[in-house]
Amino acid sequence: MYSEKVMEHFNNPRNVGELENPSGVGTVGNAKCGDIMRIYFDIDDQGVIRDAKFKTFGCGAAVATSSMATELVKGKTVQQALSVTNKAVMEALDGLPPVKVHCSLLAEEAIHAALWDYAQKNGIVIEGLKKPVEDIEEKAQEEEY
Ligand code: FES
């Protein structure tokens, strides 16, 4: 039921770990399934994401989406990183089963939370970035995932 890419990223997740003194860090969870994801960014003076790491306490799809999401944001500016939506992550993984779509939402929201933290620390506004939620369950229901 999982694509080969999902299995590959689950078995060999990229960017696992933490960053010391991250430029931004974001943690989100889903109260319903109990899964938690934390993403760390190292962002340079030009606003480019130089490095990204993650720690995910969650299901296999959450691990695979964290892995892919961190791969996709590396080298992007903070503004471009907003294009790494849950749909973009799912596409890059050749899809997820419908019951696992919410796992990719965790990745999108963790990216937003880390960007939000970076923006707060630096007193900047990232256009189009909304204040992230800590528990994506509300959002998942709103969007009927
Ligand atoms: Fe909750 Fe995957 S089952 S993140």
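For ligands, and for the atoms within them, numbers begin at 1 and follow the listed sequence.
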Within 6.0 Å of CD in Q79, more than 12 heavy atoms from elsewhere: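 Check passes, neighbour count above 12.
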Y2 atom OH, neighbour heavy-atom count above 12 within 6.0 Å: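 Yes, enclosed.
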Every residue of the protein that comes under 4.0 Å of ligand 1, judged on heavy atoms: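 Correct list: C33, D35, C59, A62, K100, H102, C103, L106.
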Point-to-point distance, once rounded to the nearest 0.5 Å, from NE2 of H102 to SG of C59: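 Result: 6.0 Å between the selected atoms.
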Residue pair V63 / G58: nearest heavy atoms and the distance that separates them: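 Taking every non-hydrogen atom into account, CG2-O, 4.3 Å.
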Salt bridge (charged side-chain N to carboxylate O under 4.0 Å, His left out) evaluation trace for D42 with R50: CA-CA 6 Å; D42 179 19; R50 289 292 166 206; over 6 Å; no
Option among N86, D35, N30 that satisfies the side-chain contact (heavy atoms from CB on, under 4.5 Å) test with I136: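 With I136 as partner, N86, D35, N30 yield a single side-chain contact (heavy atoms from CB on, under 4.5 Å), made by N30.
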